[in-house]
Each structure stands twice: as structure tokens, then as C-alpha cells.
Amino acid sequence: MSVSKKTRQGQSWQGKVAMVPGLIAFRGKAGDNKPHKHWAHQMVVGLGNPVEVRVGQACYAGTSLLIPAGTIHQLQTARVLCLYADPTHNICKTLLPQAMAQNIPIIKLDGTPGMEQLIQLNSTDDLQAALEDFRKTCTCSLSRQDNRFQPVVEVLRSELMHGREPSRTVLAELAHLSSSRFSHWFSEQAGLPFRSYKKWLKLLLAFELSQSLSLTDAAMTAGFSDQAHFCRAAMEAFGVNSTTIKQLLSEK
């Protein structure tokens, strides 16, 4: 999917976007974006140039960087390969196990085992096919993950896909936990609070639906109270407005 769209600040986003369950890839020129945080881990690789990310007054630079979920940051304009990984995705347990253990805002990935797999996303013009292949290589042992977790996530996604608000009580019962214990357990398993992860899924669903619906209808169908709520969530998560993202996803 080729894209080229100018943000209000004037610097354009140009390149290709691909999506598969749990992963989003962008390859091209990153344009203007406001300080933001998303509910996915972001891996950024410079394409012929260093990557620079600002966190507050600090600036981090490297050939490849990891921006952990929940980190307020601003990506500087450059040619990049970006991979957004759902925090429950296998890649977070296989590609970056050592990096994820570091307690610093932005993590350098240079030389991290498995990075060659990520760089392969730049080896072919067909980004969608490359992302599909990349997903197949992301296998892991789930021995450290509670075997109740994946069924809970699947039900959560299914409810949102069908336009229903997931019941925390029902999900807690599925995991054989009390509602109060469920929230703590979910955060341990996903690395994000239940409410934040649910908002992330709603946001992705809304953008998927926006390719065939108006932003208002897509937002409402995905479970947002109104378009304004959806637009605020998009700006908070990606640093650009929702109209820009809709066009980035739909333009050929």
C-alpha cells in the first residue's frame, strides 16, 4: 500500500504501510508528528540514516531503536522502517527479550539477536508479503505465559469486532478470577492495563473499518462514544490526526 499524505505541519509522510494481526509496518519517510504514546512497542530502523527520537528534552539516536509501549516520544523526520507490535504478540517474547528487560525510555537495538529478521522487511518491494513472512518467523514458547490468557484476548477481540463492549466480569470468569484480581493479572500478562489494551484494539479496529466507512461510522462501530473521542485517541497514540492515518491506510 503506497502512501503520501501531508500533515498539518507541512512535512509529508511518504511510503508503504502493511498490516497483519498484531503487527503494523511502515516503510518510507516519517513526517511531522506531535509527542505521543501508543499501546504497541515500536521498533524503528533508519534507512540510510540514523534514527532520532525525542523524549521530553532528551534525544536518543541510533541505527535502530525500540520505543516501549506507553513512552511519550516524538520521532524525528527521516527515512525509516517502523514496526508496531501488539504487546501480546509473540515477537515481544522472542525478538527482543533482553532489550525489553532494560529500564530506560528508548533502547538501542543495534546488534540485538533477531534484528536481521526485522531488516528483511526492507528487502522486497512487497511490504505486505514481507510482513506476512516476518510474522511466520515469530514463534515462541508460551511456557511463561498463563495458558488462560490467549483465550481471554481472543474473546476480547471477538466482542469488539462484533460491536459489543467486552464485559470485564465475563472475561474474569473465563480466566477463573475475581474482577479485582483480573485487572492485575491482565496487566501482568499483557504488559498493559486492561483498559489501555482495549482502547488500542478499538483504535486499530476503527482504522480498519475506516477504509470502507466514514470516520464517524468507523469510530462508533468500533465502540468509541463519538468521533471526537476517537480523534483524541488517534492523536494521543500516533501524534497525527485521524484523517491523515485514514488516508495513509487507504491510498494506493
Side-chain angles (χ1 to χ4, degrees), residues 20-24 35-43 55-56 65-73 83-107 109 112 114 135 138-208 219 222-225 229-230 232-239:
V20 298
L23 297 171
I24 303 172
H36 60 285
K37 63 178 180 180
H38 28 67
W39 300 286
H41 300 298
Q42 181 181 1
M43 286 145 272
V55 178
L65 301 174
L66 168 66
I67 307 169
T71 301
I72 299 176
H73 66 281
L83 182 71
Y84 300 85
D86 187 302
T88 67
H89 196 276
N90 288 349
I91 187 177
C92 299
K93 299 178 178 64
T94 57
L95 184 60
L96 309 168
Q98 296 179 343
M100 292 301 299
Q102 300 180 48
N103 188 27
I104 54 178
I106 304 296
I107 301 164
L109 296 176
T112 300
R135 182 180 60 162
C138 297
T139 58
C140 72
S141 169
L142 299 178
S143 59
R144 291 189 295 173
Q145 187 179 74
D146 194 314
N147 58 16
R148 297 171 294 179
F149 181 67
Q150 198 57 38
V152 167
V153 170
E154 290 174 359
V155 171
L156 173 58
R157 288 174 173 160
S158 177
E159 289 293 285
L160 291 174
M161 287 292 294
H162 288 88
R164 296 188 290 264
E165 183 65 22
S167 167
R168 188 190 302 253
T169 301
V170 170
L171 294 175
E173 291 176 352
L174 181 62
H176 306 290
L177 296 169
S178 66
S179 294
S180 57
R181 172 57 186 157
F182 173 79
S183 296
H184 181 69
W185 173 81
F186 191 94
S187 294
E188 289 179 335
Q189 298 297 313
L192 285 177
F194 173 74
R195 183 177 180 180
S196 296
Y197 184 68
K198 183 174 69 171
K199 194 173 185 179
W200 168 245
L201 290 184
K202 284 183 176 182
L203 194 60
L204 296 185
L205 176 59
F207 280 122
E208 182 179 344
F224 287 94
S225 56
H229 183 202
F230 166 62
R232 286 194 299 271
M235 182 62 75
E236 179 185 355
F238 294 104

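Start at 1 with the first residue, then count along the sequence.
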request  = Compare every heavy atom of S158 with every heavy atom of H162, then report the nearest pair and how far apart it is.
outcome  =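 In terms of heavy atoms, the two residues are closest at ND1-O, 2.8 Å.
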request  = Grab the two heavy atoms, one from L203 and one from A237, that are nearest each other, plus how far apart they are.
outcome  =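 Looking at all heavy atoms of both residues, the closest pair is CD2-CB, 3.5 Å.
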query = W185: what forms a side-chain hydrogen bond (donor to acceptor under 3.5 Å, both in side chains) with it, not counting sequence neighbours?
reply =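 In terms of side-chain hydrogen bond (donor to acceptor under 3.5 Å, both in side chains), with neighbours along the sequence ignored, W185 is linked to D146.
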Pairing residues for S179 by the side-chain hydrogen bond (donor to acceptor under 3.5 Å, both in side chains) criterion, not counting sequence neighbours =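 Listed in chain order: nothing, the list is empty.
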inquiry  = Checking F230 now: which residues fulfil ring-ring contact (aromatic ring centres under 6.0 Å, His included) with it, not counting sequence neighbours?
reply    =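 Partners of F230 under the ring-ring contact (aromatic ring centres under 6.0 Å, His included) test: F207, F224.
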ask   = Can you name the side-chain contact (heavy atoms from CB on, under 4.5 Å) partners of K199, sequence neighbours left out?
value =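 Scan of K199 (side-chain contact (heavy atoms from CB on, under 4.5 Å), adjacent residues dropped) gives W39, H229, A233, E236.
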message = So, using side-chain contact (heavy atoms from CB on, under 4.5 Å) as the criterion, who are the partners of H73 when residues are at least two apart?
response =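 Here the qualifying residues are H36, H38, Q42, V53, V55, I67.
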Check: L174 and R148 side chains under 4.5 Å, non-hydrogen atoms =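 In short, these two side chains do not touch, never coming nearer than 4.5 Å.
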message = Applying salt bridge (charged side-chain N to carboxylate O under 4.0 Å, His left out) as the test, list every pair that has at least one member in residues 177-193; sequence neighbours left out.
response =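 Those involving residues 177-193 are R181-E188.
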ask   = So Y84 and F238, would you call those rings parallel, tilted or perpendicular, with 30° and 60° as cut-offs?
value =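 Rings of Y84 and F238: perpendicular, over 60°.
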task = Using atom types as modelled and distance alone, determine if a side-chain donor or acceptor of H41 lies under 3.5 Å from a backbone N or O of P87.
result =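 Side chain of H41 to backbone of P87: no pair is present.
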request  = Give, for atom CG of L66 and atom CE of M43, the distance between the pair rounded to the nearest 0.5 Å.
outcome  =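 One gets 6.0 Å once the value is rounded to the nearest 0.5 Å.
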Less than 3.5 Å apart, which donor and acceptor atoms pair up between the side chains of residues 165-173 and the rest of the protein, not counting sequence neighbours?
| from | atom 1 | to | atom 2 | distance (Å) |
| --- | --- | --- | --- | --- |
| E165 | OE1 | K202 | NZ | 3.2 |
| E165 | OE2 | K198 | NZ | 2.5 |
| S167 | OG | T169 | N | 3.3 |
| S167 | OG | V170 | N | 3.2 |
| R168 | NH1 | S183 | OG | 2.6 |

Which residues share a salt bridge (Lys or Arg N to Asp or Glu O under 4.0 Å) with R157, sequence neighbours left out =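 By the salt bridge (Lys or Arg N to Asp or Glu O under 4.0 Å) rule, R157 matches D86.
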key: Within 6.0 angstrom of I72 CD1, more than 12 heavy atoms from elsewhere   =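 No - once you tally the heavy atoms of other residues, nucleotides and ligands closer than 6.0 Å, there are 12 at most.
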query = Which of these passes ring pair (Phe, Tyr, Trp, His ring centres under 6.0 Å) with F149: F182, F186, Y197, F194?
reply =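 Single ring pair (Phe, Tyr, Trp, His ring centres under 6.0 Å) partner of F149 among F182, F186, Y197, F194: F186.
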